[in-house]
Protein chains: 2
Amino acid sequence: MRPTVHDIAAAAGVSLATVDRVLNQRPGVRHVTREKVETAIREIGYVRDVAAANLAKGRTYSFVFIVPASDNSFMHGLNAEVMAAVARSPVERTDIRTLEVPAFDPTALAAALDTLRIERPAGVALVATDAPEVRDAVDRLVQDGIPVVTVVSDLTGSQRHHYAGVDNIAAGRTAARLLGRFLGGAKGDVAVLAGSMLVRDHRERLEGFAAVMAEEFPGLSILPVIEGRDDPDMAHMLVSDALSKRDGIIGVYSLGAGNRGLIRALKEKSVDRALTVIAHELTDHTRTALLDGTIDAILNQDAGHEVRSAIRVLKAKADGLSVIDAQERIRLDIFLKDNLP
Amino acid sequence: MRPTVHDIAAAAGVSLATVDRVLNQRPGVRHVTREKVETAIREIGYVRDVAAANLAKGRTYSFVFIVPASDNSFMHGLNAEVMAAVARSPVERTDIRTLEVPAFDPTALAAALDTLRIERPAGVALVATDAPEVRDAVDRLVQDGIPVVTVVSDLTGSQRHHYAGVDNIAAGRTAARLLGRFLGGAKGDVAVLAGSMLVRDHRERLEGFAAVMAEEFPGLSILPVIEGRDDPDMAHMLVSDALSKRDGIIGVYSLGAGNRGLIRALKEKSVDRALTVIAHELTDHTRTALLDGTIDAILNQDAGHEVRSAIRVLKAKADGLSVIDAQERIRLDIFLKDNLP
DNA sequence: CCATTTTTGATGTACGTAAATCAGATTTTT
DNA sequence: AAAAATCTGATTTACGTACATCAAAAATGG
C-alpha cells in the first residue's frame, strides 16, 4: 500500500496536524521539526494522493485560455478544441474560461494578462504575440505564482512554464526538404506565402525553410516572401499575380493560414503548369486540395493535442507535479494523400 | 457545482441507499423505482466522481501487459515504455504487470490469455499474433467482462475493445508515395524487406505499399518480398544478396524490424550506387542512418504513446467511461532529417 | 387477513487528505 | 520567574462515493 499522511506522522514522531502544516506549507512549525518531517516524507517515499486532496479541497482548477479573435480555419479549430475541453471540464474538475483578444495586438493581449493578475486563476494558456510588452506581462503573472503556458506560438525570452506547440524551425526545414525532394533535381523558383513576418512562428518557419534550401537545393531559389496576412482574398490576389508574372515558379510553400485563397489561385493556373505545393494546417480546404492533387503535402499541428497538453501541464504545475515530457511534445504531422486521419 | 448522489436521491424522491443500489447495480430495487432513479440521473446529468469512487473503493486497477519476448529495438523500446508506466503506476492507482510470451507463437499467447481468465485483472493489453486461437482466447476474456486492447498489431475479427496502433495499410501507402515521389520519374526495381508475412501489420503494410505503387508509379516494379524475420543478420545477408544480383534496384522499403542488418548492407553497397530508402521504426540505428543519408525517411509509431493510450483506454473501460477518440488515435510519424525529436 | 418475502429508508464507517479549533507544551522576551 | 509569543498535538468535520447493517414499509402469497 502507498504510505499516507498517518505513516509520515508515525515515522517522524509528530502529529497529523504538524505533517499537514509541513505538507501545505502552513506556518507554525519550528525549523527542526519541519526538517524531521521532510526527511520522513523522503524516506518512506510519500506522494500525496492528488485525487483525495482535490476531493478534500473541493478544488476546481480555474483556467483561462486567451485566444486571438482571428477568423481563419486554424483558429476556429483551436477554438472548437478549447470548447470541447470546456465541455469536458466538470468531469475533470476544471473550470475553463476563454478570453478573446484582437489578433496581432500586443497591447490588448498584455492588458488582458494584467487583468488576470487580480483574478488569479489557477493557470493561464495563451496564443502569444511575440512582443516585449506581452513578455513582461507574462513574466509578471509567473512572478505572481500563476502557471502560464504558451500555445501554438511561443514568446521569446519569457519565463512561461511551457510551450505547447511545434518546433517551427524544424517545420520549415522539413517543408524545404520535402519540396526539394519532390521536385527531383529540377531548377527554378519557389514562392513562399506567409501571413505576416511579425509573428514568430511564421518567421521561424521561413528561417528553417530558407536554410535547408540554401544548403541542399541550390538549384531552387526562393522569391521574396508574399505576405497574405492570413487572409484568403489577399492570398488569392497576391499568388495569382506572382504566378502570372514569373513563369519560373515550380514550387510553393504556404507557411501560414489563408490557404483557401492560395488553392483558388493554384487551380486557376494549374491548367497550363504543374506546381509542387507544400502547405501548413489541415483544414477542410487543404484536405480537399491534398486529395485532388493541388497540394502535395500538408504539415500540421494538432490543435486538439495542443489544447489538451496545455491543460495537462497547467494542472500538473498547479499541483506541483512533474509532466511526462515525451507525452507533451507536440509533433509535426506530415500528411500525404494516404495517411489523412 | 456538479450534482452528487444526494441530488439524485432528492430528485427521484428516494433514499441514498436506493440510489446506491441502482448506481452499483445491486439487487433489491423494484423495476419502477429503478427507472425513476435512472431518469433522475439522466435529467440532472449526474456523472460519478471517479476519483471519489476509487478512493472509497480503495481500488487499484490491476492491468496485465502481454509482450512478445523478441529482441529487436522496437520491442525493447516498447518494453521500456511499459516499465516507465509501471514506475508511474502507484501514483495513478494502477498496478501493471508484464507477461512475456514467445514471439510468433499463437498457442503460447492463447494459453497466457486463458490463464488470465482465472486471475481476472481489471484489463489486458497485448501485442497480438493474428491467429484464430488467439482471437478466441481474447473473445473469451471479453465475454468474461474483462477489457482487452491490442497494441501495435491488431487481431482480425476479434471483439477486443480497442486497438492502440497505427493504420498499417495507410503506412504502406504513405511509404510508397514517399518513395515514388523521391525517385522522381525514375524507372527501376524496388526491394521490400519484411519480418514475416505471418504478422498482420507487415502484411498490411505491404498491401498498402503495393497498391499505391501499382496505381501511381507504374515505372517502379516491386521485387519478391524478402523475409528477414526481424533478424539483423538475416536481413543483412538477404539484402546484400539481392543488391548484388539485381542492379536495377533503385529503392528499398523496409517495413519490419532488423534494420541494423539492412543498414550495414546498404553502406557496403552505397559506394557504387545511390538508393532511396524508406524504413520503419525510429531506433538509434535508423536515426543515425537517416542523419547520414543512408535512409531517406523513417515511418514510426510512438511506442510510448501506444502504451499510455492503452492504459488510458483500459482505465476508461474499467470505469465504464468514454474515451476521447482523437486523443487515442495513434499517428503515423514521418521523420526526415529535419524533424527528428 | 395474516405471514412471508421483497423493497426501501436510515444510519454509520471507510477511503486519504484539507482545514479548522482549542488545549497544552515549548520557547522567547521582559 | 512571570508573561507573552510561538509551536505542537489531539480532535473534528468535510469532500463524494462505496458498502454494510438493521429497521421499517410495502407488496405478495396463501
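Residue numbers begin at 1 in each chain, while the letters A, B, ... track the order of the sequences.
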Fill in the blank from the handout: Hits for salt bridge (Lys or Arg N to Asp or Glu O under 4.0 Å) against Arg26(A), two or more places apart or cross-chain, chain-then-number order -> Asp20(A)
Name the atoms and distances for all side-chain donor-acceptor pairs under 3.5 Å in residues 39-48 of chain A, with sequence neighbours left out.
residue: Thr39(A); atom: OG1; partner: Glu35(A); partner atom: O; Å: 2.7
residue: Arg48(A); atom: NH2; partner: Leu23(A); partner atom: O; Å: 3.4
residue: Arg48(A); atom: NH2; partner: Asn24(A); partner atom: OD1; Å: 2.8

Could you go through residues 3-10 of chain B and list every donor-acceptor pair under 3.5 Å that involves a side-chain atom there, pairing it with any protein atom two or more places apart or in another chain?
residue: Thr4(B); atom: OG1; partner: His6(B); partner atom: N; Å: 3.1
residue: Asp7(B); atom: OD2; partner: Thr4(B); partner atom: N; Å: 2.7

Completion exercise
The salt bridge (Lys or Arg N to Asp or Glu O under 4.0 Å) partners of Asp333(B) (sequence neighbours excluded) come to Arg331(A)
Completion exercise
Each nucleotide of nucleotides 15-30 of chain C classed B (base within 4.0 Å of a protein heavy atom), S (only sugar-phosphate) or -, in 5' to 3' order, makes BBBSB-B-----S---
Exercise for the section: Please identify each residue that fulfils side-chain hydrogen bond (donor to acceptor under 3.5 Å, both in side chains) with Asn300(A), with sequence neighbours left out. Expected result: none
Problem - Nucleotide interval of DNA chain D bounded by contacts with chain A (heavy-atom cut-off, under 4.0 Å) - result: dC7(D) to dG16(D)
Validation: residues 82-89 of chain A side-chain donor-acceptor distances under 3.5 Å, sequence neighbours left out:
residue: Ser89(A); atom: OG; partner: Val86(A); partner atom: O; Å: 2.5
residue: Ser89(A); atom: OG; partner: Thr94(A); partner atom: O; Å: 3.4

Handout entry: All ring pair (Phe, Tyr, Trp, His ring centres under 6.0 Å) counterparts of Tyr61(B), not counting sequence neighbours
Key = Phe63(B)
